[in-house]
Amino acid sequence: MERRKEPRFKISNTITLKVLDRLPGPSLGKFMEGQVVNVSGSGMQIRLPLPVPCGVRVEVHDGTMFILGEVSRCVPDDGAYAVGIRVMQTLAALDERRDAEPRVASPSRS
């Protein structure tokens, strides 16, 4: 019986992940290439070469956006690690081919 609140969609995109927290371990502060296994409205599962401690904050970059999240699960998976990430925020990446300014609304001054 399926108990998940949201459907998961299988995809296979290459990503770069960086551990942002300063917890000890082999993944501390490293950029790692990984593979997205599936995504849902509030999370994603990726496959990485090194373990990432549960509870740490991470940044995931897929070339078009940055995803900030927190590791909720990390288990060995056939010579790699299946890592579950709870997505906290997504940010569009700036187009590096042009001088684009971030699209942030500034408060009006009256």
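All values below were derived from every heavy atom in this structure, side-chain atoms included, with hydrogens, water molecules and symmetry-related copies excluded. What you see is a predicted model, and the numbers here were worked out from it, not measured in a lab. Just so you know, residue 1 is the first one in the sequence shown, and it goes up from there.
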query = So do the side chains of L20 and V58 get within less than 4.5 Å of each other, counting heavy atoms only?
reply = no
message = Is any side-chain heavy atom of V60 closer than 4.5 Å to one of T16?
response = no
message = Before you tell me yes or no, could you show the steps for I11 and V39 under side-chain contact (heavy atoms from CB on, under 4.5 Å), namely the whole-Å CA-CA distance, both residues' side-chain angles and the distance that decides it to 0.1 Å?
response = CA-CA 7 Å; I11 62 172; V39 296; 3.8 Å; yes
For residues 65-86, run the donor-acceptor check on the side chains, cut-off 3.5 Å, and write out each pair with its distance to 0.1 Å, sequence neighbours left out.
unit_1 : atom_1 : unit_2 : atom_2 : d
S72    : OG     : G84    : O      : 3.3
D77    : OD2    : R47    : NH1    : 2.7

key: CD-CD distance between Q89 and E59, expressed to the nearest 0.5 angstrom   = 11.0 Å
key: Straight-line distance of R8 CZ to Q45 CD, nearest 0.5 Å   = 6.5 Å
task = Among T14, I15, V37, find the residue that satisfies the side chain to side chain contact (heavy atoms under 4.5 Å, CB included) test when tested with I46.
result = I15
task = Identify the two heavy atoms, one from L50 and one from M32, that lie closest to each other, and give their separation to 0.1 Å.
result = CB-SD, 3.6 Å
